[in-house]
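Some notes on the structure that comes next.
What's counted below: heavy atoms across the whole structure, side chains too, no hydrogens, waters or symmetry copies. We're numbering straight along the sequence, starting at 1.
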Amino acid sequence: MYAPQPSPGYAHGAPAAQPPVVPAPLPRPGPRGGRFGEVGPPATLTGPSESAELWNTVIHEINSERGTHTTAEVPVRPLPDSGAAPPAPSRPKPSRRRRFGFGGLLGLRVPEWSAPPENFHARMQVPIAGHRRVAVLSLKGGVGKTTTSVLLGSLMAAQRESRVVAVDVNRDMGTLRDRVPLQTGLTVRDLFHNAGSISGFTDLRGYVSSNEERMHALVGDGVFGFRELDGQGGYSVVAGLLERYYDIVLNDCGTGMGTPGMRQVLDLADQVVVVLEPASDSVRAAESTFEWLRRNGHADLVAGAVVVISKVERKSASSPEAEALEAHFSGMVRAVVRIPFDEHLSWGRVIRFQELHESTRNACAHMALLSVEGLAHMQRSGV
């Protein structure tokens with residue numbers, strides 16, 4: 001579970017002095033050799049062999065709980081002694097839903113029917129130099145853009161030594177304020193109007209909230225949304241401020257694509273995450289999103305996009321229809337990932353990772369890894 005620790009330091013921007021209202025960051029996975037779930041210094045995986053050793057340890061623990069062993073580990077049982085005292089009652093077996101090594105940070109668990117991304121924690125540490133912006137898009141409302149923004153940003157913040165902020169740039173009233181614990185009444189609109197008074201991260205910190213995974217959130221105005229700033233170069237002003245103090249910005253966008261504010265978002269974006277539901281109207285909206293991007297000079301964003309198929313029902317997760325949908329988009333974008341339907345996400349309340357199903361956490365880990373490795377690939381390609 002979550003334990004208070006000082007916030008990690010950062011090598012860029014003004015000193016990140018944290019006021020008392022800042023929620024405590026999450027512990028990093030404990031050092032190798034300790035029990036899974038223990039809190040300790042950040043684990044450093046030096047190479048594939050060490051990651052493999054960690055994975056083998058997990059397999060050994062799970063097999064031990066199931067009563068199975070590898071050929072090299074079959075125990076030698078002594079013959080029973082007729083005069084010996086009866087054995088003590090065996091302790092109940094621990095739950096199979098044990099914490100996995102990389103998941104101690106977020107409460108991720110490994111279900112028996114699914115595997116986490118290979119070497120997840122080590123791969124999430126891939127260097128991403130400079131400042132990167134991600135736009136979470138869809139022309140259809142209600143498909144889970146805000147939910148996806150929070151899930152993605154939370155994993156990036158928790159698994160990396162990076163400052164990550166999600167920004168509500170919905171032209172109408174966005175819902176980011178409903179999905180994170182609010183610690184301030186200030187909004188992106190206030191930040192725009194007070195931009196000239198921001199001289200350091202301490203000043204900026206008063207405008208953002210933070211969740212348990214250390215992701216910051218700059219929420220929208222509950223009445224005006226981003227509409228008031230659309231024609232005033234509002235996004236450019238806000239983006240310029242955030243670039244000074246954050247490594248990754250996730251833009252939680254609305255449904256409009258041709259507004260001045262959205263054009264600014266897309267002109268500055270390094271990656272887009274397009275969200276859709278497994279429904280015909282949502283699929284058409286996603287295809288229209290990609291077509292709009294191509295026609296407006298953003299074909300590179302289409303090629304590097306991550307498609308998130310959200311709210312996939314468990315009973316249809318492996319159906320031919322879902323597989324055909326995934327294959328359809330795989331041919332035009334960098335990656336496709338499915339996020340299963342989860343009751344906790346359907347409530348529209350503050351998202352807490354420990355309340356999600358194991359399969360949802362696993363899928364979110366894949367989504368975050370796809371996005372991070374995509375941003376790192378752009379860096380290596382000189383983008």
In Å, rounded to the nearest 0.5 Å, how long is the span from CD of Glu343 to CG of Leu356?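 The distance works out to 10.5 Å.
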What are the two closest heavy atoms between [X] and [Y], and how far apart are they?
X      : Y      : result
Ala195 : Leu241 : CB-CD1, 3.7 Å
Leu218 : Leu176 : O-CD2, 3.8 Å
Ala285 : Leu139 : O-CD1, 3.8 Å
Phe120 : Leu155 : CZ-CD2, 4.3 Å

Have a look at Val336 and tell me which of Val274, Leu325, Val307 forms a side-chain contact (heavy atoms from CB on, under 4.5 Å) with it.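 The option that passes is Val307.
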Note, [X] side chain near [Y] side chain (heavy atom, < 4.5 Å):
X      : Y      : value
Arg177 : Ser209 : no
Asp252 : Val169 : no
Met378 : Glu373 : no
Asn251 : Tyr235 : yes
Leu276 : Val143 : no

For the pair Trp292 and His298, name the ring-plane relationship: parallel under 30°, tilted 30 to 60°, perpendicular over 60°.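 Rings of Trp292 and His298: parallel, as their planes differ by under 30°.
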Give me the ring orientation class for Tyr246 and His216: parallel if the planes are under 30° apart, tilted from 30 to 60°, perpendicular past 60°.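 Perpendicular, since the angle between the ring planes exceeds 60°.
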Do [X] and [Y] have side-chain atoms, one donor and one acceptor, less than 3.5 Å apart?
X      : Y      : value
Ser371 : Gln271 : yes
Asn362 : Ser359 : no
Ser197 : Asp203 : no

Quick test of your reading of the model: are Asp270 and Arg132 salt-bridged, counting only N-O distances below 4.0 Å?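 The answer is yes: the pair qualifies as a salt bridge.
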Look at Arg294 together with Glu291 and state whether they make a salt bridge at an N to O cut-off of under 4.0 Å.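 A salt bridge is present here (some side-chain N lies under 4.0 Å from a carboxylate O).
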Could you tell me which residues satisfy ring-ring contact (aromatic ring centres under 6.0 Å, His included) with Trp347, sequence neighbours excluded, listed by chain and number?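 His344.
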Short side-chain to backbone donor-acceptor contact, Arg163 and Val249, under 3.5 Å: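 No; zero donor-acceptor contacts below 3.5 Å.
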Among all residues two or more places apart in sequence or in another chain, which pass the salt bridge (Lys or Arg N to Asp or Glu O under 4.0 Å) test with Glu118?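 Here no residue qualifies.
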Residue pairs involving residues 277-289 (criterion salt bridge (charged side-chain N to carboxylate O under 4.0 Å, His left out); sequence neighbours excluded):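 For residues 277-289: Lys140-Asp281, Glu277-Lys311.
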